[in-house]
Protein chains: 2
Amino acid sequence: MNEKDSKEQILRRSVEAKEIYLPHISADPVIFGFHQNELKVLLARMNYRKQWMLPGGYVKKDEDLDDAVLRILESRAGVTNVFLEEFGVFGKKNRSEYYFEDFDDSLFQKQRFISVGYYALYNSSELSPVADEMSETCEWIYLKQLPEINLAMDHREIIEKALQTLREKISHKPIGYNLLPEKFTLPELQKLYEAILGKPLNRGNFYRKIKNLGILKKLQEQRRGGAHKAPDLYSFDDHQYRKALENGLRNW
Amino acid sequence: MNEKDSKEQILRRSVEAKEIYLPHISADPVIFGFHQNELKVLLARMNYRKQWMLPGGYVKKDEDLDDAVLRILESRAGVTNVFLEEFGVFGKKNRSEYYFEDFDDSLFQKQRFISVGYYALYNSSELSPVADEMSETCEWIYLKQLPEINLAMDHREIIEKALQTLREKISHKPIGYNLLPEKFTLPELQKLYEAILGKPLNRGNFYRKIKNLGILKKLQEQRRGGAHKAPDLYSFDDHQYRKALENGLRNW
DNA sequence: GCAAAAGTGTTCGTACTACACCCATGA
DNA sequence: TCATGGGTGTAGTACGAACACTTTTGC
């Protein structure tokens with residue numbers, strides 16, 4: 001899509017948005033996935049300006065905030081059934097307004113927005129995200145790629161805070177449950193924890209710790225196909241997992 | 001103030017508010033204090049309806065959200081120099097609108113508000129709060145009194161969530177530093193932790209733990225006047241305290 | 001058979017728990 | 001002097017860190 005078309009698209013959307021959405025309030029979800037031993041986030045590349053953004057959106061005038069976020073996740077990223085939690089509010093003046101500087105001030109998107117940040121944990125094996133009409137693409141970006149890409153507004157700061165929150169919550173929220181496929185191996189789980197915490201963990205100690213929590217079910221299968229010893233497959237024991245989380249899992 | 005006067009006051013404030021504040025966004029601070037071994041929160045009793053409310057407010061059109069909260073704290077409760085942190089967003093539809101049901105829908109205060117919750121830690125010995133023109137009184141309410149009082153809107157839920165956040169953050173934020181006077185005794189500090197966590201702690205173990213953190217300075221004074229052995233006075237070592245908090249203090 | 005990854009066992013030190021004991025103070 | 005709360009010491013235990021050892025797999 002060329003620049004002229006994308007500008008017209010933004011103008012059309014402004015008219016519509018003024019009808020249905022609350023002014024000044026937006027929600028920005030940071031959707032985490034885990035693949036190939038790396039953490040990744042789901043970002044949209046906008047037609048306008050070709051910058052990357054969080055797949056955020058607005059809140060309808062007669063819609064609960066939480067419902068709005070669920071709707072935004074589904075419509076902008078094709079994501080449903082995720083763990084979702086608010087982690088911060090971004091309310092500096094001019095954090096987003098300047099982005100649409102070549103538009104008239106009456107543009108809905110150009111007003112001041114206070115944005116509520118949510119982090120989501122998404123088991124990406126189930127389905128792949130879709131781009132909506134506003135975005136050229138919507139795709140997974142690995143954390144290690146982030147420094148290289150062009151992120152709009154304060155969205156880099158929002159992602160940083162989301163990641164920091166993820167680290168702090170790792171002992172209290174069902175991180176593994178929502179980021180791994182139903183069946184997984186202990187080495188995979190360890191890689192996930194290492195990716196979130198950003199540091200290596202000792203294998204033996206990790207195994208014993210995680211097993212002592214009593215939240216895993218060892219399956220009668222193994223992951224074949226690797227070059228070495230076949231690791232055992234596990235799945236989470238839903239009931240035990242939730243019970244353990246009430247106390248907090250542990251410190252890692 | 002009678003009901004007619006308080007209604008007129010609300011109407012005058014509506015006209016003014018439409019000029020200066022962003023619509024649909026409010027901030028509600030839960031200000032904690034500690035006195036007589038009990039936690040307390042600072043609440044305003046409104047002229048209108050005689051209900052208790054958090055001393056919240058609105059965000060100016062050209063003001064950072066964080067600055068707005070500082071301004072609100074000072075103007076509504078006479079509180080400055082507090083530890084302050086966002087802990088949640090309250091965005092259900094009709095969470096506050098019904099409160100002003102006997103007013104016209106055009107009233108600023110009656111629109112839908114998404115409210116950002118902040119918790120504040122206030123060393124209450126320094127100065128006593130003042131009521132602003134909207135409130136009959138603004139005063140400390142002990143947590144144990146809360147079940148008896150008439151709280152407006154969803155403010156009980158907001159306070160609950162603030163308290164829960166305080167519990168979760170007790171190992172990672174300078175709770176004691178901001179809720180105790182400059183000089184304090186170990187029994188006082190222990191009572192504070194017990195009040196927040198809602199359970200008794202073992203004295204000997206608490207002393208050793210807190211001392212091993214290396215964040216306390218033992219003073220060459222004691223608190224005289226009690227009926228028994230005079231306890232030693234301590235104060236926090238600012239530098240060491242902040243350093244320790246980076247890692248998180250401990251699990252309690 | 002060998003390299004590499006998966007899984008288990010062992011040792012050591014630290015930190016938490018529970019509880020006992022001594023100390024200081026005012027009545 | 002005695003009751004009470006403040007302060008310190010100690011034995012037992014649990015758990016994490018570090019590391020060694022065994023097992024299993026594909027090449």
Side-chain angles (χ1 to χ4, degrees), chain A residues 36-38 167 170-172 176 180-181 183-235 244 247-252, chain B residues 36-38 170-172 176 180-181 183-195 197-235 240 244-245 247-252:
Chain A
Q36 313 226 307
N37 294 342
E38 298 277 344
R167 286 196 184 118
I170 197 168
S171 303
H172 303 275
L180 288 178
K183 299 175 179 181
F184 56 90
T185 67
L186 289 188
E188 285 164 2
L189 185 60
Q190 183 179 350
K191 294 288 183 194
L192 171 60
Y193 274 74
E194 289 177 339
I196 292 174
L197 296 173
K199 65 180 181 190
L201 301 171
N202 179 281
R203 185 161 38 95
N205 299 333
F206 181 84
Y207 283 28
R208 201 170 332 100
K209 258 172 148 176
I210 205 85
K211 283 183 172 179
N212 284 342
L213 295 174
I215 57 176
L216 296 183
K217 284 184 298 194
K218 188 173 187 166
L219 305 177
Q220 298 309 314
E221 314 169 58
Q222 293 172 314
R223 165 104 62 226
R224 299 275 157 183
H228 305 289
K229 180 174 178 179
D232 299 334
L233 280 169
Y234 288 82
S235 68
N247 312 324
L249 291 176
R250 274 288 190 299
N251 280 331
W252 295 94
Chain B
Q36 313 226 307
N37 295 341
E38 297 277 346
I170 197 168
S171 303
H172 303 275
L180 290 177
K183 299 176 179 181
F184 55 90
T185 67
L186 289 188
E188 287 163 1
L189 185 59
Q190 185 180 348
K191 293 288 183 194
L192 171 61
Y193 273 73
E194 290 177 339
L197 295 173
K199 65 179 182 190
L201 300 172
N202 180 282
R203 185 162 40 95
N205 298 334
F206 181 84
Y207 283 27
R208 202 167 332 99
K209 256 174 149 176
I210 206 85
K211 283 183 172 179
N212 283 342
L213 294 176
I215 58 176
L216 296 181
K217 282 183 298 193
K218 189 174 190 167
L219 306 177
Q220 299 308 314
E221 314 170 59
Q222 293 171 315
R223 165 103 63 225
R224 299 275 157 183
H228 305 288
K229 179 173 178 179
D232 299 333
L233 280 169
Y234 288 82
S235 69
Q240 294 297 330
L245 285 169
N247 312 324
L249 291 176
R250 273 292 189 298
N251 279 331
W252 294 93

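All of these numbers come straight from a predicted model, not from anything done at the bench. Note on naming: letters A, B, ... go to the chains in the order of the sequence lines (proteins, then strands), and numbering restarts at 1 for each one.
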Give each protein N/O atom lying under 3.5 Å from an N/O atom of nucleotides 20-23 of chain C, with the pair distance.
none

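- Taking atom CG on Leu213(B) and atom C1' on dC16(C), their separation rounds to 13 Å, with Å as the unit.
- Taking Asn202(B) as the reference, Asn205(B) meet the side chain to side chain contact (heavy atoms under 4.5 Å, CB included) condition, with sequence neighbours excluded.
- Between His228(A) and Arg208(B), it is Arg208(B) whose nearest contact on DNA chain D lies nearer the 5' terminus.
- For dA15(C), the base has no donor-acceptor partner in the side chain of Asn212(B) [N/O atoms by modelled type, under 3.5 angstrom].
- Here dA18(C) presents its C1' atom at 13 Å from NZ of Lys209(B), a figure rounded to the nearest Å.
- Under the side chain to side chain contact (heavy atoms under 4.5 Å, CB included) criterion, Glu194(A) pairs with Gln190(A), Lys191(A), Pro200(A), Leu201(A), sequence neighbours left out.
- Contact check, Lys211(A) against dG7(C): no side-chain N or O comes under 4.0 Å of OP1 or OP2.
- Contacts of Arg224(B) with the nucleic acid, taken as non-hydrogen atoms under 4.0 Å apart, involve only primed sugar atoms and P, OP1 or OP2.
- As rounded to whole Å, 10 Å separates atom P of dG6(D) from atom CG of Leu186(B).
- If one axis is set at each end of the helix from dG1(C)-dC27(D) to dA27(C)-dT1(D) from five pairs, those axes are 0° apart, to 10°.
- Counting to the nearest Å, the C1' atom of dG6(D) and the CG atom of Leu216(B) are 16 Å from each other.
- Protein atom OH of Tyr207(A) is 13 Å distant from nucleotide atom C1' of dT23(D), rounded to whole Å.
- Taking every heavy atom of both residues into account, Ile170(A) and Ile196(A) meet most closely at CD1-CG2, 3.8 Å.
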Anything under 3.5 Å between a donor and an acceptor, one on a side chain of residues 225-235 of chain A, the other on a protein residue two or more places apart or in another chain? List them.
unit_1, atom_1, unit_2, atom_2, d
Asp232(A), OD1, Gln222(A), NE2, 3.1
Asp232(A), OD2, Lys218(A), NZ, 3.2

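- Taking atom CG of Asn205(A) as the reference point, atom C1' of dC21(D) lies 15 Å away to the nearest angstrom.
- Residue Lys218(B) contributes atom NZ, which lies 7 Å from atom P of dG7(D) at whole-angstrom precision.
- For Arg223(B), the salt bridge (charged side-chain N to carboxylate O under 4.0 Å, His left out) test picks out Glu188(B), with sequence neighbours left out.
- Atoms CD1 and CG, on Ile210(A) and Leu189(A) in that order, are 5.0 Å from each other to the nearest 0.5 Å.
- Applying the salt bridge (charged side-chain N to carboxylate O under 4.0 Å, His left out) test to Lys183(A) and every residue at least two apart in sequence or in another chain returns Glu221(A).
- One cannot find a donor-acceptor pair under 3.5 Å joining the base of dA6(C) and the side-chain atoms of Asp232(A).
- Taking atom CG on Leu201(A) and atom C1' on dC19(D), their separation rounds to 16 Å, with Å as the unit.
- Remark: Tyr207(A) engages no residue in a ring-ring contact (aromatic ring centres under 6.0 Å, His included) (not counting sequence neighbours).
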